[in-house]
Structures are given as C-alpha cells and as structure tokens.
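Note that ligands are numbered from 1 as they come in the structure, with each ligand's atoms numbered from 1 the same way. Only heavy atoms go into these numbers, but all of them, side chains included; no hydrogens, no water, no symmetry mates. Counting begins at 1 with the first residue of the sequence.
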Amino acid sequence: MKKTMILGLAIATIFATNVNASTLEDVKKAGVLKCGVTTGLAGFSAPDKDGKWTGIDVDTCRAVAAAVLGDAKKVKFNPLTAKERFTALQSGEIDMLSRNTTWTLTRDASLGLNFAGVNYYDGQGFMVSKKLGVKSVNDLDGAAVCIQAGTTTELNLADYFKAHNMKFKAITFDTSDQTIKGFEAGRCDMLTSDQSQLYALRIKLAKPDDAVVLPEVISKEPLGPVVRQGDDQWFNIVKWSLNAMINAEEMGITKANVKDKKSSKDPATARLMGGQGEKLGLDDAWSYNIISQVGNYGEIFEANVGKGSPLKIERGLNALWNKGGIMYAPPIR
Ligand SMILES: N[C@@H](CCC(=O)N[C@@H](CS)C(=O)NCC(=O)O)C(=O)O
C-alpha cells in the first residue's frame, strides 16, 4: 500500500468518529456550504478579479447550496491543491469536494469517500510547444514532462510510457499555475493534464498559438463531486442535485422557463418541479431552486466551458445520451 493511501485511511478512521454524520444538519446550522475547489482553473473553478468564483465545478457546489439552503450564493469556496483535496474532505474541513476529481476505484473504495456522479467526462492529453514540430506523444521518448503532483495524470503518464517502452522525466508542481509557468519557461518538453484543462491552461500562455494539443487521449477521467462515506443522506443530496440539472436539460427545463414549467401538466416535469424533497430530507423547492438559480446541465456547460466561455469546448462525450454523448442521469420518480 502506498504511503499516501495509508495516511488517507488513518485520517479517515480518526475523523470518522469526530465528524458529525449529518452533514445536512451541519450545513443548515452553518447557513453555508463549504465546498472544496481548485486553486484556480478556468472553466472549472476560478476566482475572477473581484474574488467571485465561476466554473462548472463551482456551479455544482452552488446547485447543492440552492437545494439545501434555498440560496445558490451561500457557498464558501475552499481552494485546494490536488494533494490536499482528499484530506480536506476526510477531516470535515469541507462538506463536499468539487474539484475536477477523477472517479477511480482506489479513491472510491479506500479513502473513506464516495463519488456522487460525473459532471464532466474527460481524458488525459498532452500539450507541446509548436516549435518542437512533434505530431504525436510517441515521438517524445526521453521527454521532460510538466505535471501536477497528487493526480491520476501522474499515474497514467507512467503507465503509458511504460507500455510504449519510452522514458520520461517528470517535473512536478503543486498548482496548475506553477505547472503552466514551468511549461512556459521551457522547463519541460510537454505538459500533460486532463484535456479540458489543457485548453484552460493554454489560454493563460502569453502566446497560446505557440502551443499545440496532441491528438492522443490516453485515459478515462470521469470527473465529479465527492463526499465522505457514512452519510447516505448527504451522498443522495449531492447525487440528486447533479441529476436534477441533467434531467432538466433532457426535459427542456431552463433557467428562463422554469417558472412556467412549475405549473406543467406533464407528470415527469411536475415531479422534477416538486413533491420529491421529503425523500432527500429537503424542502420541495430544492430542484426548482437549483434550476432557477444555477440552470440545467447544458446551461452550466455552455456558460463555463462551452460556447459562452473562452474555452469553447464542444459537448462531445458530455452531450446528453440521446444527443450523441454519454451524459445520463437516472430518472426522478
Ligand atoms: N482529474 C485528475 C487531475 C486533477 C488536477 O488536479 N489537475 C490539475 C492539473 S491542471 C489541476 O486541476 N490543478 C488546479 C489547481 O492547481 O488548483 C485527478 O483527479 O487527479
């Protein structure tokens, strides 16, 4: 067992007895949701110049605050590095983690944590300086690689190079800001991270066009919100807050029309609009509050990482299951 895993387990065990099992009660009492996010990654979770956080992960936190507290603004964002994120959740420092975190067996089963769904299907990619003239990662045997510590990115990189009989030298950083600066300063031949993040990082370069994203995608990175094990009610609340946004998109319920949909005669729409709160320990307005204050999944995607954002990422895998993608939520009934 790896040292970090043993540490994680030990912390999970110590805190399991101290952390109140009812996160819902804690959040209601505090009047604010403590959500763990990145230290700053455009499109996912980043503070603007006035300190206002935006991003698809930020909106996932806001959806839970809207469901639980009736107010999407009642979130305290806690910036965390990749290395810090699981300990912060295990220790009770945050109520949920929403920080481009990949769902893996090890994280789900041995850290005392539960993944509550997927809010972005990603995969690991590579970015190189255009002047290297490289077309594929397979041309990069012996390369120095800028990478962030405590990520699946590190593990996949080692797997891929081993499987292709190639060598690399990892140049490791703690934050994405340091990683991109290292790349820009020429400390490495390439930078690797989740593909979505490559686009987010590329626009931070003084000359974004001098860097190219290579075609290879070497892993599956299903990213989603995470909670502590041992609190099924809270697990359900986070899970169904996300599911409500995905179902709303599928049913054509948007921030703009949700008010009219409230009186809809369509049974499925009526169910999403009310009557299910008690099962989650919430007010019946939970899902209405999410959609009216945060929006449906398609809306948060487009605003943060899609057409309405500088990243301009296509829906791709993140399109709904009936629109060519794999984004799929169980029904609300
Ligand atoms: N999805 C991967 C990678 C997540 C990750 O932390 N990626 C970096 C690479 S850019 C990041 O988001 N950093 C943001 C920060 O430094 O706060 C994981 O869960 O391990």
Side-chain angles (χ1 to χ4, degrees), residues 2 4-5 8 35-47 53-58 60-61 77-90 94 96-111 113-127 145-160 170-184 187-188 190-205 208 211 213 217-227 304-305 311 313 317-318:
K2 281 216 190 101
T4 47
M5 241 168 79
C35 205
V37 290
T38 64
T39 61
L41 186 68
F44 283 78
S45 45
W53 285 84
T54 55
I56 198 164
D57 285 345
V58 161
T60 305
C61 305
F77 294 100
N78 192 339
L80 299 164
T81 66
K83 273 195 293 192
E84 293 165 339
R85 61 185 148 174
F86 300 121
T87 318
L89 183 57
Q90 288 158 343
I94 52 174
M96 65 181 277
L97 178 71
S98 185
R99 189 204 172 283
N100 54 355
T101 295
T102 307
W103 187 350
T104 68
L105 183 146
T106 305
R107 290 171 174 179
D108 208 6
S110 62
L111 295 181
L113 306 177
N114 273 332
F115 281 77
V118 177
N119 69 347
Y120 191 100
Y121 289 96
D122 214 332
Q124 184 172 337
F126 298 89
M127 178 165 78
V145 190
C146 282
I147 192 160
Q148 202 163 318
T151 57
T152 48
T153 323
E154 272 187 308
L155 311 175
N156 299 326
L157 177 72
D159 281 2
Y160 186 86
I171 315 281
T172 315
F173 300 90
D174 275 337
T175 67
S176 59
D177 215 37
Q178 293 163 358
T179 315
I180 191 68
K181 286 199 174 110
F183 176 76
E184 196 161 31
R187 297 208 36 208
C188 34
M190 66 174 162
L191 183 154
T192 182
S193 79
D194 297 344
Q195 266 225 325
S196 62
Q197 294 155 41
L198 292 179
Y199 294 101
L201 293 177
R202 198 165 78 133
I203 55 175
K204 285 187 130 187
L205 293 170
V213 174
V217 176
I218 65 160
S219 69
K220 289 185 289 188
E221 307 292 327
L223 313 176
V226 197
V227 295
N304 292 305
V305 298
L311 303 186
I313 300 176
L317 280 183
N318 294 296

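Between R85, Q178, K83, it is R85 that holds the heavy atom closest to atom 20 (O) of ligand 1. When R99, Q148, Q197 are ranked by how near their heavy atoms come to atom 7 (N) of ligand 1, first place goes to Q197. Relative to atom 4 (C) of ligand 1, the option among T101, T102, N100 with the closest non-hydrogen atom is N100.
Near A82, meaning under 4.0 Å from one of its heavy atoms, ligand 1 places the atoms 6 (O). Heavy-atom contacts of L41 reach the following atoms of ligand 1: 12 (O) (cutoff under 4.0 Å). Within the listing of ligand 1, atoms 18 (C), 19 (O), 20 (O) sit less than 4.0 angstrom from a heavy atom of R107. Every atom of ligand 1 is numbered from 1 in the order shown, and the set under 4.0 Å from a heavy atom of T39 is 15 (C), 16 (O), 17 (O). Atom numbering of ligand 1 starts at 1 in the shown order; those under 4.0 Å from a heavy atom of L80 are 17 (O). When each atom of ligand 1 is checked for a heavy atom of L223 under 4.0 Å away, the hits are 1 (N).
Side-chain contact, D57 with N119: a donor N or O sits under 3.5 Å from an acceptor N or O.
Side-chain N or O atoms of S45 include none that pairs as donor or acceptor with a backbone N or O of G55 at under 3.5 Å. Of the possible polar contacts, none joining the Q124 side chain to the D194 backbone as a donor-acceptor pair under 3.5 Å is found. Not a single donor-acceptor pair under 3.5 Å links the side chain of N114 to the backbone N or O of V227.
Between E154 and T172, the shortest heavy-atom distance links the atoms OE2-CG2, 4.0 Å. Considering every non-hydrogen atom in both N156 and E221, the closest pair reads ND2-OE2, 2.7 Å.
A distance of 9.0 Å separates CE of M190 from CD1 of I147, quoted to the nearest 0.5 Å. Considering OG1 of T192 and CZ of F126, their distance stands at 4.0 Å, rounded to 0.5 Å.
At a 4.0 Å heavy-atom cut-off, ligand 1 does not touch E154 at all. Residue-level proximity to ligand 1 for T175 is carried by backbone and side chain together, each with a heavy atom below 4.0 angstrom.
In terms of N/O distances under 3.5 Å, ligand 1 is not approached by D174. Where the criterion is an N or O separation shorter than 3.5 Å, residue side chain and backbone included, T153 fails it with respect to ligand 1. Backbone and side-chain nitrogen or oxygen atoms of T81 are examined, and none is located within less than 3.5 angstrom of a nitrogen or oxygen of ligand 1. Of the polar atoms of T152, at least one N or O is found under 3.5 Å from an N or O of ligand 1, judged by distance alone. Considering backbone and side-chain N/O atoms, T38 never comes within less than 3.5 Å of an N/O atom of ligand 1.
Aromatic ring pairs are classed by plane angle as parallel below 30°, tilted from 30° to 60° and perpendicular above 60°; the pair W103 and F115 is parallel.
In terms of protein heavy-atom proximity, atom 16 (O) of ligand 1 is nearest to S176 N, 2.6 Å.
Within a 6.0 Å radius of CZ in R187, other residues, nucleotides and ligands contribute 12 heavy atoms or fewer.
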>> Apply side-chain contact (heavy atoms from CB on, under 4.5 Å) to residues C188 and V145 and explain how you reach the verdict.
In response: CA-CA 5 Å; C188 34; V145 190; 5.6 Å; no
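Within the structure, ligand 1 lacks V37 among the residues with a heavy atom less than 4.0 angstrom away.
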